[in-house]
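So that the names make sense, note that chain A is the first sequence line, chain B the second, and so on, each numbered from 1. Since this is a predicted model, take the numbers as computed values, not measurements.
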2 protein chains.
Amino acid sequence: MQQSKNVEQKIIDAAYDTFVENGYEGAKMRDIAKRADINISMLHYYYRSKDNLFDIAFGRAFDCVYGKILGVLSSDASINEKIEQIVGIYIDTLVENPRVPNFIFSEIAQKSQPNQRFAKYRTMVFDAMAVLKRQMDLEAEKGSIRSVNMMEFFMDIESVCMYPFLTRGLWQKIFDVDDTSFNQMLINRKESFIRNIIKSIEK
Amino acid sequence: MQQSKNVEQKIIDAAYDTFVENGYEGAKMRDIAKRADINISMLHYYYRSKDNLFDIAFGRAFDCVYGKILGVLSSDASINEKIEQIVGIYIDTLVENPRVPNFIFSEIAQKSQPNQRFAKYRTMVFDAMAVLKRQMDLEAEKGSIRSVNMMEFFMDIESVCMYPFLTRGLWQKIFDVDDTSFNQMLINRKESFIRNIIKSIEK
DNA sequence: GTCTATAGCGGGATAGAC
DNA sequence: GTCTATCCCGCTATAGAC
(Lines give C-alpha, C1' and ligand atoms only; values in the text may rest on other atoms or scores of the structure.)
Protein backbone atom coordinates (compact mmCIF):
# COMPACT_ATOMS: atom_id res chain seq x y z
CA MET A 1 0.00 0.00 0.00
CA GLN A 2 2.56 2.52 1.20
CA GLN A 3 3.91 3.84 -2.02
CA SER A 4 5.82 6.63 -0.28
CA LYS A 5 9.13 4.76 -0.41
CA ASN A 6 8.82 4.68 -4.13
CA VAL A 7 8.02 8.35 -4.44
CA GLU A 8 10.87 9.35 -2.17
CA GLN A 9 13.26 7.31 -4.26
CA LYS A 10 11.89 8.62 -7.53
CA ILE A 11 12.43 12.17 -6.29
CA ILE A 12 16.00 11.52 -5.22
CA ASP A 13 16.82 9.85 -8.51
CA ALA A 14 15.31 12.69 -10.51
CA ALA A 15 17.01 15.33 -8.37
CA TYR A 16 20.36 13.61 -8.72
CA ASP A 17 20.12 13.44 -12.51
CA THR A 18 18.90 17.00 -12.82
CA PHE A 19 21.55 18.50 -10.55
CA VAL A 20 24.35 16.51 -12.19
CA GLU A 21 23.26 17.64 -15.63
CA ASN A 22 22.59 21.28 -14.84
CA GLY A 23 24.33 22.25 -11.61
CA TYR A 24 22.67 23.91 -8.65
CA GLU A 25 21.56 27.09 -10.37
CA GLY A 26 20.62 25.40 -13.62
CA ALA A 27 18.50 22.70 -12.00
CA LYS A 28 14.88 23.76 -11.46
CA MET A 29 12.47 22.20 -9.00
CA ARG A 30 9.92 22.02 -11.80
CA ASP A 31 12.31 19.95 -13.92
CA ILE A 32 12.96 17.57 -11.06
CA ALA A 33 9.26 17.12 -10.50
CA LYS A 34 8.59 16.52 -14.17
CA ARG A 35 11.41 13.99 -14.37
CA ALA A 36 10.10 12.17 -11.30
CA ASP A 37 6.65 12.38 -12.83
CA ILE A 38 5.12 13.84 -9.66
CA ASN A 39 3.68 17.14 -8.51
CA ILE A 40 6.09 19.90 -7.50
CA SER A 41 4.58 20.22 -4.09
CA MET A 42 5.61 16.64 -3.39
CA LEU A 43 9.23 17.71 -3.56
CA HIS A 44 8.64 20.10 -0.71
CA TYR A 45 6.44 17.71 1.17
CA TYR A 46 9.18 15.09 1.30
CA TYR A 47 12.35 17.14 1.23
CA ARG A 48 11.28 20.66 2.21
CA SER A 49 13.74 22.68 0.09
CA LYS A 50 15.92 22.72 -2.97
CA ASP A 51 19.02 23.12 -0.82
CA ASN A 52 18.13 19.97 1.01
CA LEU A 53 17.71 18.01 -2.20
CA PHE A 54 20.98 19.38 -3.45
CA ASP A 55 22.89 18.21 -0.40
CA ILE A 56 21.54 14.72 -0.86
CA ALA A 57 22.38 14.72 -4.56
CA PHE A 58 25.87 16.01 -3.93
CA GLY A 59 26.45 13.34 -1.33
CA ARG A 60 25.44 10.68 -3.78
CA ALA A 61 27.69 12.15 -6.48
CA PHE A 62 30.63 12.27 -4.11
CA ASP A 63 30.05 8.72 -3.00
CA CYS A 64 29.71 7.61 -6.59
CA VAL A 65 33.22 8.77 -7.41
CA TYR A 66 35.06 8.54 -4.11
CA GLY A 67 33.22 5.79 -2.26
CA LYS A 68 35.31 2.92 -3.53
CA ILE A 69 38.47 5.03 -3.79
CA LEU A 70 38.45 5.88 -0.10
CA GLY A 71 38.00 2.21 0.68
CA VAL A 72 41.12 1.34 -1.29
CA LEU A 73 43.17 4.13 0.30
CA SER A 74 42.69 2.72 3.75
CA SER A 75 42.88 -0.95 2.80
CA ASP A 76 45.91 -3.12 3.58
CA ALA A 77 46.97 -3.59 -0.04
CA SER A 78 50.49 -2.66 -1.14
CA ILE A 79 51.22 0.77 -2.57
CA ASN A 80 51.46 -0.46 -6.14
CA GLU A 81 48.31 -2.51 -5.78
CA LYS A 82 46.52 0.57 -4.51
CA ILE A 83 47.67 2.63 -7.46
CA GLU A 84 46.47 -0.03 -9.84
CA GLN A 85 43.12 -0.34 -8.11
CA ILE A 86 42.58 3.41 -7.84
CA VAL A 87 43.22 4.11 -11.50
CA GLY A 88 41.00 1.19 -12.44
CA ILE A 89 38.16 2.38 -10.24
CA TYR A 90 38.40 5.96 -11.48
CA ILE A 91 38.28 5.02 -15.14
CA ASP A 92 35.55 2.42 -14.73
CA THR A 93 33.40 4.67 -12.55
CA LEU A 94 33.78 7.70 -14.77
CA VAL A 95 33.07 5.81 -17.96
CA GLU A 96 29.72 4.98 -16.37
CA ASN A 97 29.21 8.45 -14.87
CA PRO A 98 31.01 10.92 -17.11
CA ARG A 99 29.23 14.06 -15.93
CA VAL A 100 29.67 13.56 -12.21
CA PRO A 101 33.18 15.00 -11.83
CA ASN A 102 32.17 18.25 -13.48
CA PHE A 103 29.22 18.52 -11.13
CA ILE A 104 31.32 17.92 -8.03
CA PHE A 105 34.07 20.35 -8.90
CA SER A 106 32.08 23.20 -10.31
CA GLU A 107 29.86 23.25 -7.26
CA ILE A 108 32.85 23.20 -4.92
CA ALA A 109 34.50 25.97 -6.91
CA GLN A 110 31.38 28.13 -6.74
CA LYS A 111 32.04 30.86 -4.24
CA SER A 112 28.37 31.16 -3.44
CA GLN A 113 28.33 27.74 -1.87
CA PRO A 114 28.85 27.83 1.90
CA ASN A 115 32.14 26.19 2.78
CA GLN A 116 30.67 24.22 5.60
CA ARG A 117 28.46 22.33 3.17
CA PHE A 118 31.49 20.36 2.03
CA ALA A 119 33.38 20.14 5.31
CA LYS A 120 32.50 16.53 6.01
CA TYR A 121 33.88 15.38 2.68
CA ARG A 122 37.18 16.98 3.52
CA THR A 123 37.35 14.91 6.68
CA MET A 124 36.47 11.69 4.89
CA VAL A 125 39.15 12.18 2.26
CA PHE A 126 41.75 13.25 4.76
CA ASP A 127 41.19 10.29 7.05
CA ALA A 128 41.36 7.69 4.30
CA MET A 129 44.44 9.31 2.84
CA ALA A 130 46.26 9.29 6.14
CA VAL A 131 46.54 5.50 5.96
CA LEU A 132 48.27 5.53 2.59
CA LYS A 133 50.45 8.42 3.70
CA ARG A 134 51.83 6.42 6.63
CA GLN A 135 52.42 3.52 4.29
CA MET A 136 54.34 5.67 1.83
CA ASP A 137 56.33 7.50 4.49
CA LEU A 138 57.44 4.12 5.80
CA GLU A 139 58.57 2.91 2.39
CA ALA A 140 60.36 6.19 1.77
CA GLU A 141 62.29 5.76 5.04
CA LYS A 142 63.24 2.23 4.00
CA GLY A 143 64.41 3.75 0.72
CA SER A 144 62.22 1.64 -1.54
CA ILE A 145 60.44 4.67 -3.00
CA ARG A 146 61.23 8.36 -3.06
CA SER A 147 59.70 10.72 -0.54
CA VAL A 148 56.35 11.79 -1.93
CA ASN A 149 54.17 14.81 -1.26
CA MET A 150 50.66 13.44 -0.89
CA MET A 151 48.89 16.35 -2.50
CA GLU A 152 51.09 16.16 -5.58
CA PHE A 153 50.74 12.40 -5.70
CA PHE A 154 46.97 12.47 -5.66
CA MET A 155 46.82 15.36 -8.04
CA ASP A 156 48.93 13.39 -10.49
CA ILE A 157 46.61 10.42 -10.31
CA GLU A 158 43.44 12.46 -10.61
CA SER A 159 44.93 14.53 -13.40
CA VAL A 160 45.19 11.64 -15.79
CA CYS A 161 42.02 9.88 -14.65
CA MET A 162 39.57 12.74 -14.19
CA TYR A 163 40.71 15.46 -16.53
CA PRO A 164 39.49 13.70 -19.65
CA PHE A 165 36.00 13.44 -18.19
CA LEU A 166 35.90 16.99 -16.88
CA THR A 167 36.63 18.29 -20.34
CA ARG A 168 35.17 15.47 -22.35
CA GLY A 169 32.65 17.65 -24.15
CA LEU A 170 35.38 19.78 -25.64
CA TRP A 171 37.53 16.90 -26.85
CA GLN A 172 34.69 15.02 -28.38
CA LYS A 173 33.54 18.10 -30.24
CA ILE A 174 36.99 19.08 -31.47
CA PHE A 175 38.05 15.61 -32.57
CA ASP A 176 34.60 14.43 -33.52
CA VAL A 177 34.76 11.36 -31.29
CA ASP A 178 31.69 9.53 -30.03
CA ASP A 179 31.12 8.34 -26.46
CA THR A 180 32.08 4.75 -27.15
CA SER A 181 35.42 5.54 -28.78
CA PHE A 182 36.26 8.09 -26.13
CA ASN A 183 35.59 5.60 -23.36
CA GLN A 184 37.51 2.88 -25.15
CA MET A 185 40.50 5.18 -25.56
CA LEU A 186 40.64 5.69 -21.80
CA ILE A 187 40.15 2.04 -21.00
CA ASN A 188 43.02 1.25 -23.37
CA ARG A 189 45.30 3.76 -21.68
CA LYS A 190 44.62 2.51 -18.16
CA GLU A 191 47.73 0.32 -17.98
CA SER A 192 49.95 3.10 -19.29
CA PHE A 193 48.56 5.51 -16.67
CA ILE A 194 49.30 2.99 -13.95
CA ARG A 195 52.86 2.39 -15.20
CA ASN A 196 53.61 6.11 -15.31
CA ILE A 197 52.36 6.73 -11.80
CA ILE A 198 54.27 3.83 -10.34
CA LYS A 199 57.37 5.03 -12.16
CA SER A 200 56.90 8.55 -10.81
CA ILE A 201 57.38 7.44 -7.21
CA GLU A 202 60.39 5.25 -7.92
CA LYS A 203 63.60 6.35 -6.34
CA MET B 1 33.64 64.42 -22.71
CA GLN B 2 32.48 61.17 -24.27
CA GLN B 3 32.72 58.86 -21.33
CA SER B 4 30.90 56.07 -23.17
CA LYS B 5 34.10 54.22 -24.03
CA ASN B 6 34.84 54.00 -20.36
CA VAL B 7 31.40 52.76 -19.47
CA GLU B 8 31.47 50.11 -22.17
CA GLN B 9 34.80 48.87 -20.91
CA LYS B 10 33.69 48.94 -17.30
CA ILE B 11 30.68 46.82 -18.23
CA ILE B 12 32.74 44.26 -20.10
CA ASP B 13 35.23 43.99 -17.28
CA ALA B 14 32.50 43.59 -14.69
CA ALA B 15 30.63 41.06 -16.82
CA TYR B 16 33.76 39.04 -17.37
CA ASP B 17 34.59 38.86 -13.69
CA THR B 18 31.03 38.04 -12.71
CA PHE B 19 30.57 35.29 -15.29
CA VAL B 20 33.95 33.74 -14.52
CA GLU B 21 33.17 33.67 -10.81
CA ASN B 22 29.59 32.46 -11.02
CA GLY B 23 28.93 30.88 -14.40
CA TYR B 24 26.10 31.80 -16.71
CA GLU B 25 23.20 30.93 -14.44
CA GLY B 26 24.87 32.19 -11.28
CA ALA B 27 25.83 35.56 -12.72
CA LYS B 28 23.07 38.16 -12.37
CA MET B 29 22.73 41.32 -14.41
CA ARG B 30 22.26 43.20 -11.13
CA ASP B 31 25.63 41.98 -9.89
CA ILE B 32 27.34 43.01 -13.09
CA ALA B 33 25.81 46.47 -12.88
CA LYS B 34 26.79 46.87 -9.25
CA ARG B 35 30.34 45.75 -9.97
CA ALA B 36 30.60 48.20 -12.87
CA ASP B 37 29.04 50.82 -10.62
CA ILE B 38 26.41 51.75 -13.18
CA ASN B 39 22.65 51.41 -13.58
CA ILE B 40 21.26 48.05 -14.76
CA SER B 41 19.55 49.62 -17.72
CA MET B 42 22.95 50.70 -19.02
CA LEU B 43 23.83 47.05 -19.52
CA HIS B 44 20.94 46.67 -21.89
CA TYR B 45 21.53 50.01 -23.50
CA TYR B 46 25.05 49.03 -24.52
CA TYR B 47 24.84 45.28 -24.91
CA ARG B 48 21.14 44.50 -25.25
CA SER B 49 21.04 41.13 -23.48
CA LYS B 50 22.67 38.85 -20.96
CA ASP B 51 23.38 36.27 -23.65
CA ASN B 52 25.26 38.86 -25.61
CA LEU B 53 27.41 39.83 -22.64
CA PHE B 54 28.05 36.19 -21.96
CA ASP B 55 29.34 35.54 -25.45
CA ILE B 56 31.77 38.42 -25.13
CA ALA B 57 32.93 37.26 -21.72
CA PHE B 58 33.39 33.69 -22.92
CA GLY B 59 35.41 34.89 -25.87
CA ARG B 60 37.70 36.81 -23.57
CA ALA B 61 38.08 33.81 -21.26
CA PHE B 62 38.91 31.53 -24.15
CA ASP B 63 41.43 33.98 -25.52
CA CYS B 64 42.95 34.42 -22.08
CA VAL B 65 43.84 30.72 -21.88
CA TYR B 66 44.24 29.67 -25.49
CA GLY B 67 45.31 32.85 -27.24
CA LYS B 68 49.04 32.39 -26.73
CA ILE B 69 48.81 28.59 -26.89
CA LEU B 70 47.32 28.60 -30.37
CA GLY B 71 50.07 30.97 -31.47
CA VAL B 72 52.71 28.52 -30.29
CA LEU B 73 51.03 25.53 -31.93
CA SER B 74 51.29 27.08 -35.36
CA SER B 75 54.71 28.68 -34.89
CA ASP B 76 57.86 27.29 -36.49
CA ALA B 77 59.53 26.21 -33.25
CA SER B 78 60.64 22.60 -32.81
CA ILE B 79 58.37 20.06 -31.15
CA ASN B 80 60.29 20.07 -27.89
CA GLU B 81 60.40 23.86 -27.83
CA LYS B 82 56.65 23.94 -28.34
CA ILE B 83 56.07 21.56 -25.47
CA GLU B 84 58.22 23.67 -23.22
CA GLN B 85 56.50 26.89 -24.26
CA ILE B 86 53.02 25.46 -23.98
CA VAL B 87 53.47 24.13 -20.47
CA GLY B 88 55.06 27.40 -19.44
CA ILE B 89 52.23 29.47 -20.86
CA TYR B 90 49.56 27.29 -19.28
CA ILE B 91 51.04 27.44 -15.82
CA ASP B 92 51.84 31.14 -15.96
CA THR B 93 48.45 32.09 -17.38
CA LEU B 94 46.52 29.94 -14.97
CA VAL B 95 48.42 31.13 -11.94
CA GLU B 96 47.18 34.60 -12.88
CA ASN B 97 43.67 33.43 -13.86
CA PRO B 98 42.91 30.38 -11.74
CA ARG B 99 39.15 30.40 -12.18
CA VAL B 100 39.02 30.74 -15.93
CA PRO B 101 39.40 27.04 -16.84
CA ASN B 102 36.48 26.07 -14.67
CA PHE B 103 34.36 28.72 -16.30
CA ILE B 104 35.24 27.59 -19.82
CA PHE B 105 34.68 23.92 -19.24
CA SER B 106 31.56 24.00 -17.14
CA GLU B 107 29.84 26.21 -19.66
CA ILE B 108 30.86 23.96 -22.53
CA ALA B 109 29.70 20.90 -20.61
CA GLN B 110 26.30 22.45 -19.90
CA LYS B 111 23.79 20.79 -22.14
CA SER B 112 21.58 23.86 -22.14
CA GLN B 113 24.16 25.85 -24.06
CA PRO B 114 23.57 25.78 -27.80
CA ASN B 115 26.41 23.93 -29.53
CA GLN B 116 26.80 26.53 -32.19
CA ARG B 117 27.81 29.09 -29.61
CA PHE B 118 31.19 27.37 -29.35
CA ALA B 119 31.63 26.27 -32.94
CA LYS B 120 34.13 28.96 -33.90
CA TYR B 121 36.46 27.99 -31.06
CA ARG B 122 36.53 24.45 -32.36
CA THR B 123 37.73 25.71 -35.69
CA MET B 124 40.42 27.91 -34.16
CA VAL B 125 41.83 25.06 -32.10
CA PHE B 126 41.66 22.59 -34.93
CA ASP B 127 43.44 24.86 -37.38
CA ALA B 128 46.30 25.72 -35.05
CA MET B 129 46.70 22.11 -34.06
CA ALA B 130 46.95 20.95 -37.65
CA VAL B 131 50.33 22.62 -37.96
CA LEU B 132 51.83 20.74 -35.02
CA LYS B 133 50.22 17.54 -36.21
CA ARG B 134 51.99 17.71 -39.58
CA GLN B 135 55.22 18.43 -37.75
CA MET B 136 54.82 15.41 -35.51
CA ASP B 137 53.70 13.09 -38.29
CA LEU B 138 56.83 14.01 -40.18
CA GLU B 139 59.10 13.29 -37.22
CA ALA B 140 57.32 10.02 -36.62
CA GLU B 141 57.97 8.98 -40.22
CA LYS B 142 61.62 9.86 -39.80
CA GLY B 143 61.56 7.70 -36.69
CA SER B 144 62.77 10.38 -34.27
CA ILE B 145 59.61 10.17 -32.16
CA ARG B 146 56.88 7.58 -31.84
CA SER B 147 53.62 7.98 -33.71
CA VAL B 148 51.37 10.11 -31.55
CA ASN B 149 47.61 10.50 -31.41
CA MET B 150 46.99 14.24 -31.19
CA MET B 151 43.98 14.05 -28.94
CA GLU B 152 45.83 11.91 -26.43
CA PHE B 153 48.88 14.14 -26.68
CA PHE B 154 46.98 17.32 -25.95
CA MET B 155 44.93 15.69 -23.26
CA ASP B 156 48.13 14.62 -21.53
CA ILE B 157 49.49 18.15 -21.58
CA GLU B 158 46.29 19.76 -20.41
CA SER B 159 45.81 17.09 -17.76
CA VAL B 160 48.87 18.08 -15.83
CA CYS B 161 48.59 21.82 -16.50
CA MET B 162 44.89 22.48 -16.12
CA TYR B 163 43.61 19.86 -13.75
CA PRO B 164 45.17 21.44 -10.68
CA PHE B 165 43.38 24.70 -11.43
CA LEU B 166 40.05 23.13 -12.26
CA THR B 167 40.01 21.44 -8.88
CA ARG B 168 42.11 23.89 -6.97
CA GLY B 169 39.39 24.69 -4.45
CA LEU B 170 39.20 21.12 -3.32
CA TRP B 171 42.93 20.60 -2.91
CA GLN B 172 43.48 23.82 -1.05
CA LYS B 173 40.68 23.01 1.34
CA ILE B 174 41.75 19.44 1.96
CA PHE B 175 45.44 20.18 2.41
CA ASP B 176 44.97 23.63 3.89
CA VAL B 177 47.22 25.31 1.34
CA ASP B 178 47.03 29.01 0.52
CA ASP B 179 47.05 30.51 -2.97
CA THR B 180 50.72 31.45 -2.92
CA SER B 181 51.99 28.01 -1.92
CA PHE B 182 49.68 26.30 -4.37
CA ASN B 183 50.91 28.47 -7.22
CA GLN B 184 54.51 28.01 -6.18
CA MET B 185 54.08 24.25 -6.12
CA LEU B 186 52.95 24.30 -9.74
CA ILE B 187 55.69 26.67 -10.85
CA ASN B 188 58.22 24.36 -9.24
CA ARG B 189 56.82 21.34 -11.03
CA LYS B 190 56.86 22.96 -14.46
CA GLU B 191 60.20 21.46 -15.50
CA SER B 192 59.17 18.02 -14.37
CA PHE B 193 55.92 18.27 -16.35
CA ILE B 194 57.87 19.22 -19.46
CA ARG B 195 60.34 16.36 -19.02
CA ASN B 196 57.56 13.81 -18.64
CA ILE B 197 55.71 14.96 -21.72
CA ILE B 198 58.83 14.98 -23.87
CA LYS B 199 59.68 11.52 -22.59
CA SER B 200 56.17 10.28 -23.41
CA ILE B 201 56.63 10.88 -27.14
CA GLU B 202 60.11 9.34 -27.31
CA LYS B 203 60.43 6.23 -29.35
C1' DG C 1 23.25 58.75 -22.33
C1' DT C 2 21.36 58.11 -17.90
C1' DC C 3 17.89 57.49 -14.66
C1' DT C 4 13.22 55.59 -12.45
C1' DA C 5 9.56 52.78 -12.74
C1' DT C 6 7.57 48.86 -14.01
C1' DA C 7 6.24 45.10 -17.09
C1' DG C 8 6.33 40.27 -17.34
C1' DC C 9 7.96 35.99 -16.38
C1' DG C 10 9.91 32.09 -14.00
C1' DG C 11 11.41 30.49 -9.76
C1' DG C 12 10.81 28.31 -4.82
C1' DA C 13 7.68 27.66 -1.49
C1' DT C 14 3.08 27.21 0.99
C1' DA C 15 -2.04 27.04 2.10
C1' DG C 16 -5.75 24.41 2.02
C1' DA C 17 -9.18 21.33 -0.24
C1' DC C 18 -9.67 16.57 -0.90
C1' DG D 1 -0.30 11.84 0.70
C1' DT D 2 -1.63 14.27 -3.27
C1' DC D 3 -3.40 17.98 -5.93
C1' DT D 4 -4.65 23.02 -7.32
C1' DA D 5 -4.12 27.56 -6.67
C1' DT D 6 -1.45 31.10 -5.43
C1' DC D 7 1.93 33.96 -2.95
C1' DC D 8 5.90 36.54 -3.42
C1' DC D 9 10.36 37.33 -4.70
C1' DG D 10 14.13 38.06 -7.94
C1' DC D 11 15.30 38.14 -12.51
C1' DT D 12 15.79 40.16 -17.41
C1' DA D 13 14.25 43.53 -20.16
C1' DT D 14 11.87 47.77 -21.69
C1' DA D 15 9.21 52.24 -21.66
C1' DG D 16 9.58 56.75 -21.03
C1' DA D 17 10.95 61.04 -18.46
C1' DC D 18 14.89 63.95 -18.22
Side-chain angles (χ1 to χ4, degrees), chain A residues 1-61 103 106-107 110-114 116-117, chain B residues 1-60 103 106-107 110-114 117:
Chain A
M1 342 276 82
Q2 272 280 62
Q3 252 214 335
S4 71
K5 267 265 173 67
N6 271 317
V7 173
E8 281 181 71
Q9 196 53 47
K10 263 162 66 183
I11 292 175
I12 293 296
D13 290 344
Y16 177 78
D17 292 341
T18 308
F19 278 120
V20 167
E21 271 176 31
N22 305 98
Y24 181 84
E25 296 275 358
K28 313 294 179 189
M29 293 295 265
R30 283 168 167 74
D31 300 338
I32 298 174
K34 192 179 287 179
R35 190 170 224 143
D37 196 34
I38 49 118
N39 193 287
I40 301 190
S41 57
M42 289 294 94
L43 298 182
H44 294 97
Y45 177 78
Y46 283 107
Y47 295 101
R48 223 182 66 257
S49 72
K50 182 180 180 179
D51 268 34
N52 209 17
L53 272 176
F54 174 82
D55 283 335
I56 296 170
F58 186 89
R60 184 193 277 200
F103 171 63
S106 25
E107 294 306 333
Q110 223 61 265
K111 276 189 180 165
S112 52
Q113 294 290 353
Q116 194 207 2
R117 171 169 271 165
Chain B
M1 333 292 73
Q2 270 282 61
Q3 252 213 333
S4 70
K5 268 263 175 63
N6 272 316
V7 173
E8 282 181 71
Q9 196 52 50
K10 265 163 64 181
I11 291 174
I12 293 296
D13 290 344
Y16 177 77
D17 291 341
T18 308
F19 279 121
V20 168
E21 272 176 29
N22 305 100
Y24 181 83
E25 295 275 1
K28 311 296 178 186
M29 293 297 263
R30 282 170 166 73
D31 299 338
I32 297 174
K34 192 179 286 178
R35 190 169 222 146
D37 197 32
I38 49 121
N39 192 286
I40 301 191
S41 57
M42 289 294 94
L43 299 181
H44 293 97
Y45 178 77
Y46 285 106
Y47 295 101
R48 224 183 66 257
S49 72
K50 181 179 179 179
D51 268 32
N52 209 17
L53 273 176
F54 174 82
D55 283 336
I56 296 170
F58 186 88
R60 182 193 277 201
F103 170 62
S106 24
E107 295 305 333
Q110 223 59 267
K111 276 189 184 164
S112 51
Q113 294 289 354
R117 171 168 270 164

Item to check | Proximal nucleotide (of D:dA13, D:dC3, C:dG1) relative to the A:Asn39 side chain | outcome: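 The answer is D:dC3, which lies nearest to the side chain.
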
Checklist entry - A:Lys50 side chain: which of D:dT12, D:dT2, C:dA13 is closest? => result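 Selected nucleotide (nearest to the side chain): C:dA13.
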
Next on the checklist: Is there a side-chain contact between B:His44 and the phosphate of D:dA13, meaning an N or O under 4.0 Å from OP1 or OP2?
Outcome noted: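 Checking D:dA13 against B:His44, a side-chain N or O does come within under 4.0 Å of OP1 or OP2.
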
Next on the checklist: Is the phosphate of C:dA13 approached by A:Tyr45 (side-chain N or O, under 4.0 Å from OP1 or OP2)?
Outcome noted: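 Answer no for this pair, as no side-chain N or O of A:Tyr45 is under 4.0 Å from OP1 or OP2.
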
Check the distance between [N]'s [atom2] and [X]'s [atom1] and give it to me in whole angstrom.
| X | N | atom1 | atom2 | value |
| --- | --- | --- | --- | --- |
| B:Ile38 | C:dT4 | CD1 | P | 12 Å |
| B:Ile11 | C:dT2 | CD1 | C1' | 11 Å |
| A:Asn22 | C:dG11 | CG | P | 11 Å |
| B:Glu25 | D:dG10 | CD | P | 17 Å |
| B:Tyr46 | D:dA13 | OH | P | 18 Å |
| A:Tyr47 | C:dA13 | OH | C1' | 18 Å |
| A:Arg48 | C:dA15 | CZ | P | 13 Å |
| B:Leu43 | D:dC11 | CG | P | 13 Å |

Checklist entry - Given the side-chain rings of B:Phe19 and B:Phe58, with only the six-membered ring counted for Trp, is the space between their centroids under 6.0 Å? => result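 No, ring centres 6.0 Å or more apart.
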
Checklist entry - Do B:Arg30 side-chain and D:dG10 base share a donor-acceptor contact under 3.5 Å? => result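 Such a pair does not exist between side chain and base.
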
Next on the checklist: Students often get this wrong, so: under 4.0 angstrom with heavy atoms, is A:Met42 touching a base, only sugar-phosphate, or nothing?
Outcome noted: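 A:Met42: base contact, heavy atoms under 4.0 Å.
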
Next on the checklist: Does A:Ala27 reach a base, just sugar-phosphate, or nothing at all? Heavy atoms under 4.0 Å.
Outcome noted: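 Since only primed, P, OP1 and OP2 atoms lie under 4.0 Å of A:Ala27, the category is sugar-phosphate.
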
Item to check | Pairwise 5' ranking along DNA chain C for B:Ile40 and A:Ser41, keeping only the more 5' one | outcome: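 With B:Ile40 and A:Ser41 compared, the 5'-side residue is B:Ile40.
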
Checklist entry - Going by atom types only, do B:Asp51 and B:Ser49 share a side-chain donor-acceptor pair under 3.5 Å? => result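 Per modelled atom types, B:Asp51 and B:Ser49 side chains form no pair under 3.5 Å.
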
Next on the checklist: For a quick test of reading the model, state the closest non-hydrogen atom pair linking B:Ala27 to B:Asn22 and the distance between them.
Outcome noted: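 Here B:Ala27 and B:Asn22 meet closest at N-CB, 3.6 Å.
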
Next on the checklist: Tell me whether B:Lys50 contacts the main-chain N or O of B:Tyr24 through its side chain, where contact means a donor paired with an acceptor under 3.5 Å.
Outcome noted: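 Between the backbone of B:Tyr24 and the side chain of B:Lys50 there is a qualifying donor-acceptor contact (under 3.5 Å).
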
Next on the checklist: Strictly below 4.0 Å, N to O, side chains only: are A:Arg60 and A:Asp17 in salt-bridge contact?
Outcome noted: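 Looking at A:Asp17 together with A:Arg60, the answer is no, because their closest N to O distance does not fall below 4.0 Å.
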
